[in-house]
Amino acid sequence: MFSAFLTRVTLFITVFLMAFEPFVPVPKDEKRTDIAPVKNVIFMIGDGMGFNSLNKTKKEKGIETLTMNTFPLQGESQTRSSSSAVTDSAAGGTALACAIRTNNRFVGTYSYDGYDLYSHPMNLCELAKQQGKTAGVVTTDSTSGATPASFSAHAHDRGDEADITFQQLRGDLDLIWGGATDSFREETALEYGFTPIYNKADMDALTEGTRSFGQFTDDVWHEVAKEGMPTMTEMTLKAIDLLDDDEDGFFLMVEGAHIDKKSHQNQGDGMTDALVAFDQAIQAAVDYAAAKGDTMVLVTADHETGGITLEGDEYVYTSGSHTGVNVPLLVYGCDNFIENGQAIKNKEVARRVAVAMGETNFPARVKPPVAHGGRDNDSIFSPVC
Ligand SMILES: [Zn+2]
């Protein structure tokens, strides 16, 4: 009789606790240091890719599930810059690369030190190189675009393309691939030890241990490749193949830039085409990670573009600009990166990636070069404090 009573009390308490468990608040922006370690990171940025960019693509392309939607962890990144509730790709990229928020148009520089006079924040590629990993940046934008620049340069303004390109050439990344930029000079690339590549045949011919600078002469963002050009998937697979021989691991950033560019023009067909090409590249990265078991694939965006909204049963553009809404944060291969459904700040995404790479002292302050264009390589990685 008494034990039956005890059983009922225990049952009641259990049900009571179960009922309230979901209401335990998850700290929004906890500075966690227990992120599961990974050897390799493939950081994939869909520029301008909001939740409704995914929904519009699925509906209009008749796709039931995108690869990125199958990731075990599905959360959100809160996108803003220090100067605006709506970030651009420079400040958005800097948050994802350096774990700090800065002003719109600033690339890898502090909001209070845009000219890089005192110091600049280390980006994840620099962290990877410091750790002895290989590192690379792949984009469908030009190589001097704001997102690739955030992972490979430090500049007062995203428009300082000559400065950005020169820093990339003077730097020590293993590969930087994207569309051609006016400021690229083949003789300078050769001088600094890069093999220039211009098309898929050049890319395919690269062998491990070769540093390469990609200046593709035509678009590389379409689902179906332009003649002589690689697709995003082919670039991603080749980049992984070139980087993954290092026993210390690798860091690779891959950007699908035309999700943003096409949304600025409210060109739904172009945006969905670009998003599918991006998702296929994600599939290639996940296939690699699944086979290896030591690689995190992280997919997010720097901001949403186009204010895509459901009207009736159509996803329509309501803006030609960026918006300040949260964007997807999807993680494969790092089981405790976020709680499912959790929203964290964009800069916290980069900090957690650094923790997964074994570095809890991030964001990190780095001495500036003597002068842009006169960069002393030894100064790049000397921490000030
Ligand atoms: Zn944009």
Side-chain angles (χ1 to χ4, degrees), residues 43-57 76-98 101-109 137-153 155-161 164 178-182 219-222 232 253-279 281 299-309 315-329 346-347 349-350:
F43 195 135
M44 308 196 64
I45 300 177
D47 202 304
M49 188 182 77
F51 285 99
N52 279 341
S53 316
L54 305 186
N55 290 331
K56 184 177 175 68
T57 302
E76 302 181 11
S77 168
Q78 299 162 326
T79 66
R80 66 156 297 141
S81 67
S82 62
S83 62
S84 172
V86 178
T87 184
D88 73 341
S89 291
T94 300
L96 296 174
C98 305
R101 280 178 172 164
T102 191
N103 297 340
N104 285 359
R105 300 202 66 87
F106 283 26
V107 172
T109 54
V137 167
V138 171
T139 180
T140 64
D141 197 359
S142 97
T143 47
S144 55
T147 308
S150 298
F151 285 82
S152 55
H156 170 63
D157 192 280
R158 59 188 293 174
D160 294 343
E161 293 188 19
I164 289 164
T181 180
D182 290 344
D219 290 335
V220 288
W221 60 270
H222 293 94
M232 278 197 84
M253 192 286 286
V254 179
E255 183 205 17
H258 289 70
I259 300 164
D260 172 70
K261 291 184 191 299
K262 295 298 160 185
S263 285
H264 275 295
Q265 301 161 341
N266 286 187
Q267 286 181 7
D269 288 351
M271 186 280 284
T272 56
D273 189 9
L275 198 145
V276 169
F278 181 58
D279 197 56
V299 178
T300 192
D302 46 1
H303 53 75
E304 193 266 357
T305 306
I308 301 174
T309 308
Y315 288 95
V316 298
Y317 284 109
T318 61
S319 160
S321 310
H322 302 170
T323 67
V325 297
N326 289 0
V327 294
L329 171 60
N346 51 1
K347 62 179 182 177
V349 175

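Atoms within a ligand are numbered from 1 in the order they appear, just like the ligands themselves.
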J.: With a 4.0 Å cut-off on N to O distance, would you call Arg158 and Asp88 a salt bridge?
T.: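 Yes, charged N to carboxylate O under 4.0 Å.
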
J.: Who are the side chain to side chain contact (heavy atoms under 4.5 Å, CB included) partners of Val86, not counting sequence neighbours?
T.: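 By the side chain to side chain contact (heavy atoms under 4.5 Å, CB included) rule, Val86 matches Ser84, His322.
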
J.: Identify the heavy atoms of Ser150 and Ala97 that sit nearest to each other, and give their distance.
T.: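 Answer, listing the atom of Ser150 first, then Ala97: O-CB, 3.3 Å.
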
J.: For residues Thr147 and Phe151, report the shortest heavy-atom separation together with the two atoms involved.
T.: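 Result for this residue pair: O-CD1, 3.4 Å.
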
J.: Please verify the inter-ring angle class for His258 with Trp221; under 30° counts as parallel, over 60° as perpendicular, anything in between as tilted.
T.: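 Parallel, since the angle between the ring planes stays under 30°.
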
J.: Which protein N, O or S atoms lie under 2.8 Å from the Zn ion (ligand 1), given by chain and residue number?
T.: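 Correct list: Asp260 OD1, Asp260 OD2, His264 NE2, His322 NE2.
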
J.: Can a side-chain donor-acceptor contact be found between Ser89 and His303 if the only test is distance below 3.5 angstrom?
T.: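 Result is yes, a qualifying pair exists.
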
